[in-house]
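Fair warning: this is a prediction, and the values are worked out from it, not measured in the lab. Every number for a ligand or one of its atoms is a count from 1 in the order of the listing.
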Amino acid sequence: MPQRTDIFDLGRLGLSSGEGRRLDLHTGLGPFHYGGQAYAVEPELIPVRLDVSRTTASGYALRLRFGVALSGPCMRCLEPANPSFEVDAREVHQPTGGEELVSPYINADEELDLAGWTRDALALELPAQLTCREDCLGLCGQCGANLNEDPEHTHEAAPDARWAKLSELKFD
Ligand SMILES: [Zn+2]
Ligand SMILES: [Zn+2]
């Protein structure tokens, strides 16, 4: 089992201005909640690639890359969905100097909240709906049938007697 890193101490790298380092680490997110549903994150221990560059004496430019799959209900048809995502996120941390840019993921002790950043970067990558497939047809609004299994599914336009009466009314 690779070691899990949730907090990474950037200062320990001892980089000086202009130096960089590529690190292959593993972090974990636990269950991920989206649209009111819980999704399992696969793999449980996520391999992440972290590129760290020391820009100035106190600044960093970071890049985080990873791929995960989420597992849970399709938001349209409720069948199991297993969409996967490739995430490529960047972060600049420049706490001193002319333009102050403080990353919310790096604290005053130069510790990087790797798990927190991974979680947020994934959330930003997600579409509005997690679906079993991109063109999931969802459920029939009238009877709840799964339209992926029955794309030709239609209902007879059964005019309700009350509505028929209404349509006879004239508003003038
Ligand atoms: Zn679906
Ligand atoms: Zn139907």
Peer 1: Which residue is it: Asp113, Asp6, Thr5? I am looking for the one with a side-chain hydrogen bond (donor to acceptor under 3.5 Å, both in side chains) to Thr27.
Peer 2: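 With Thr27 as partner, Asp113, Asp6, Thr5 yield a single side-chain hydrogen bond (donor to acceptor under 3.5 Å, both in side chains), made by Asp6.
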Peer 1: With respect to Asp51, which candidate in Arg22, Arg90, Arg21 satisfies the side-chain hydrogen bond (donor to acceptor under 3.5 Å, both in side chains) definition?
Peer 2: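 Between Asp51 and the candidates, side-chain hydrogen bond (donor to acceptor under 3.5 Å, both in side chains) is satisfied uniquely by Arg22.
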Peer 1: Under 4.5 Å between side-chain heavy atoms, hopping through other hydrophobics if needed: is there a path connecting Val48 to Leu23?
Peer 2: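 Per the 4.5 Å side-chain linkage, Val48 and Leu23 are co-clustered.
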Peer 1: Only to 10 degrees, please: what angle do the SG atom of Cys140 and the NE2 atom of His153 make about the Zn ion (ligand 2)?
Peer 2: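 So the angle at the metal works out to 110°.
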Peer 1: Tell me, please, whether Phe66 has Arg49 positioned over its six-membered ring: NZ or CZ under 6.0 Å from the ring centre and within 45 degrees of its axis?
Peer 2: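 Because its charged atom misses either the 6.0 Å distance or the 45° angle limit, Arg49 does not stack over Phe66.
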Peer 1: Mind counting the protein N, O or S atoms sitting less than 2.8 Å from the Zn ion (ligand 1)?
Peer 2: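 Total protein N/O/S atoms under 2.8 Å from the Zn ion (ligand 1): 4.
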Peer 1: Any donor-acceptor pair under 3.5 Å linking the side-chain atoms of Asp109 with those of Asn107?
Peer 2: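 Distance-only check fails for Asn107 and Asp109.
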Peer 1: Tell me if the CD atom of Glu44 is crowded by more than 12 foreign heavy atoms within 6.0 Å.
Peer 2: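 Atom CD in Glu44 is not packed in, count stays at 12 or less.
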